[in-house]
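Working notes for the structure below.
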Protein chains: 2
Amino acid sequence: MATQQRRERERAQRETLIVNAARDMAEADGWSSVTIRRLAERIEYSQPVLYSHFAGRGAIVDAVALQGIAELTEVFKAARAGAEPGGELAAVVGAYLDFATANPALFEAIFTLAEGLPFGVDAPEVLKAAFAELYAVFAPLAGERDPDAFTEVGWAAIHGLAVLGSGGRLRPDLLEQRLAILVGQFVKG
Amino acid sequence: MATQQRRERERAQRETLIVNAARDMAEADGWSSVTIRRLAERIEYSQPVLYSHFAGRGAIVDAVALQGIAELTEVFKAARAGAEPGGELAAVVGAYLDFATANPALFEAIFTLAEGLPFGVDAPEVLKAAFAELYAVFAPLAGERDPDAFTEVGWAAIHGLAVLGSGGRLRPDLLEQRLAILVGQFVKG
DNA sequence: TCGATTGTCTAGCGGTGCTAGGATTGTGAT
DNA sequence: ATCACAATCCTAGCACCGCTAGACAATCGA
C-alpha cells in the first residue's frame, strides 16, 4: 500500500540520479565518455537497472536534453525580465549564446544528439514553452510578416551563431560585433 | 621507377574509393552504419588497409567533409552565377538549404561530425573559398559595419535555418516565408 | 635467382550497447 | 512465525565496435 508509493518515489529519485550523472559526465568529458557501464558504476548499480528506467542510451540523452530545454526556458524568462525596455532581444540573444558556451554538452544534447523528442504538433510542453519565450521577443518585431515564421528566422539566426561559434568556425574577436549586427538587423527591419 | 608512380596512382584511386564508399553508405543508412568493417567489406579489402590511408574513422569522416565543402563552394558559385542581378543573396540562401536537404549526411559530416579540420588562420584552402563565396554576397550589404562580421552573421542565419530545418524543428509549411523573411531582413537593413 | 622490402591479411584486444536467466530481497497471507 | 510469491537486482554473455600486432605473400633491386 504505502510501500508502493515509497517505491515509486525511490524510483523517480534514482531516475533523476541517472540523468544528473549523465549530464555531469557529459559536461566533464564529452558525451562519448558517457557509457552505460560508466554510468552504472557511477550510480552504483548494475547496467540492467538503467534499462529498467530508460529504453536505451539514447533515451537518457533525450532526458538530459529535455531537462536542458526547461532550463533554457528559464534562462529566457530571466533575461527578458531583467532587460530594460527595448533591450529584450539583445538580452535573450546574449543569454542564448551564453547558455551554449556555458553548457556545451547540454546544448549538444538538445540540438544534435536528441533523436527521440517529438516536435511539431505533439511536442512536449516544455519545448513549446521555450519557443513561446522566443515568440514573445520576436513577434512584436514581425510587422506585417507572419509572426511564427519571423520567430523561426530569428531563432535560426541566433542558433546559427551559437552552433558555428561553439564549433570554432567563427572569429572570436568579432563576437561582440556579430551580436550587435544581429540585433540591429532585427530591430530595424 | 615507373611502378612507383603506378603504385601511388592506385593508392590515390583507392583513397577516393574509400571516401566515396563512406559517403554513399552514410547517405544511404546514416553515419552510424559507416563502420570500418563494413567499409572494408565494401571496398573488398581488409580493415588494416583503411588505416594505411587514414589515421582512423574520424579522418575518413573529415575527408568526406572536405569533399563536401568543395562541392558546397561550387554550388555557391553556380547559384551566384545563375542569379539575376540583386537576387544573388536569395539564390545562395536557397542553394544552401537545398544542399543541406539533398545531402543530409554530407552536411552532417561538414558541420557536426568533422573534428580534425582546422579553422581560423590555417584552414584548408577549400574552406576559405567557401567563406569567400558567402563574403561576396554579404559584404556588399554590410554598409558601414564590419564586412567579415556581417558575413558571419548572414552565414549563421542561413546555417541556423538549415540545421533546425533538417532536424525537423521548424514548421515545413513556413519554409518559403522563412526564406523571404531572411532575405528581406538582409537586403533592407 | 635470391634477399629485402613492401603490402596485405588473419587474429585478437579492450570496449561498446543491450539482454537472458538466475539469485536475492522484500511483501502479504496464512 | 512461516511460507509462497512477486518484484528487484545482478552475473554472464552476445554481437558488434575501433584499432593493432604479427604472420604471410607478393613484388622489387641486385
Side-chain angles (χ1 to χ4, degrees), chain A residues 1-19 21-23 25-26 28-65 105 108-109 112-116, chain B residues 1-19 21-23 25-26 28-65 105 108-109 112-116:
Chain A
M1 356 188 72
T3 68
Q4 200 77 2
Q5 294 183 3
R6 192 210 61 207
R7 287 254 169 101
E8 285 185 21
R9 209 169 48 233
E10 287 177 349
R11 239 190 106 73
Q13 215 166 313
R14 199 170 53 181
E15 191 151 317
T16 71
L17 181 67
I18 295 173
V19 173
R23 177 176 170 175
M25 290 169 61
D29 302 309
W31 275 107
S32 68
S33 82
V34 180
T35 71
I36 298 294
R37 278 173 170 80
R38 276 203 269 265
L39 217 37
E41 191 178 15
R42 162 89 164 242
I43 67 169
E44 296 179 323
Y45 281 95
S46 62
Q47 294 102 312
V49 169
L50 298 175
Y51 291 92
S52 75
H53 285 273
F54 299 95
R57 186 183 183 276
I60 298 177
V61 177
D62 291 351
V64 172
E108 190 183 359
T112 79
L113 263 34
E115 297 195 338
Chain B
M1 355 190 71
T3 66
Q4 199 77 1
Q5 295 183 2
R6 192 208 63 206
R7 287 255 169 98
E8 283 185 23
R9 210 169 48 234
E10 287 176 350
R11 238 189 107 74
Q13 213 167 313
R14 199 169 52 180
E15 191 150 319
T16 70
L17 181 68
I18 295 172
V19 174
R23 177 176 171 174
M25 290 169 61
D29 302 309
W31 275 108
S32 68
S33 81
V34 180
T35 71
I36 299 294
R37 281 173 167 80
R38 276 203 269 265
L39 216 37
E41 192 178 14
R42 162 89 164 243
I43 66 169
E44 295 179 326
Y45 282 95
S46 63
Q47 295 102 314
V49 170
L50 298 176
Y51 291 91
S52 75
H53 285 272
F54 299 95
R57 186 182 182 276
I60 298 177
V61 177
D62 290 351
V64 173
E108 190 183 358
T112 80
L113 263 34
E115 297 196 339

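Reckoned from all heavy atoms, side chains included, excluding hydrogens, waters and symmetry mates.
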Measure the distance from CG on A/L50 to P on C/dT16 and round it to the nearest whole Å. 13 Å
Rounded to whole Å, please give me the gap between CZ in B/R14 and C1' in C/dC9. 12 Å
Please examine the side chains of B/H53 and B/V49, heavy atoms only from C-beta on, and report whether any two atoms are closer than 4.5 Å. yes
Given atom CG of B/L39 and atom C1' of D/dC19, what is their separation to the nearest angstrom? 14 Å
Of the nucleotides D/dT11, C/dT8, C/dG17, which one has an atom closest to the side chain of A/I36? C/dG17
Closest to the side chain of A/Y51, out of D/dT20, D/dC17, C/dC18, is C/dC18
B/V34 and B/R38, any side-chain heavy atoms less than 4.5 Å apart: no
Without decimals, in angstroms, what is the distance between B/Q13 CD and C/dG7 P? 16 Å
Is any N or O donor-acceptor pair between the side chain of B/R37 and the base of D/dG18 shorter than 3.5 Å? yes
Take atom CD1 of A/I18 and atom C1' of C/dG17, then tell me their distance rounded to the nearest Å. 15 Å
From C/dC18, D/dG18, C/dT8, pick the nucleotide closest to the side chain of B/R57? D/dG18
Atom-pair distance (NE2 on B/H53; P on D/dC19), nearest Å: 16 Å
In terms of side-chain heavy atoms of B/S46, which of C/dT8, D/dC17, D/dC19 is nearest? C/dT8
A/R38 side chain N/O closer than 4.0 Å to the phosphate oxygens (OP1, OP2) of C/dT16? yes
Would you say that A/V64 contacts A/W31 through its side chain, given a criterion of any heavy-atom pair below 4.5 Å between the two side chains? yes
Rounding to a whole Å, what distance do you find between B/W31:CH2 and D/dG18:P? 12 Å
Taking the side chain as every heavy atom from C-beta outward, state whether A/I36 and A/Y51 have any atom pair closer than 4.5 Å. yes
Residue whose nearest DNA chain C nucleotide is more 5′ - B/R11 or A/Q47: B/R11
Would you mind reading off the distance between B/E41 atom CD and C/dC9 atom P, rounded to a whole angstrom? 13 Å
Name of the residue among B/Q47, B/M25, B/R57 meeting side-chain contact (heavy atoms from CB on, under 4.5 Å) with B/L39: B/M25
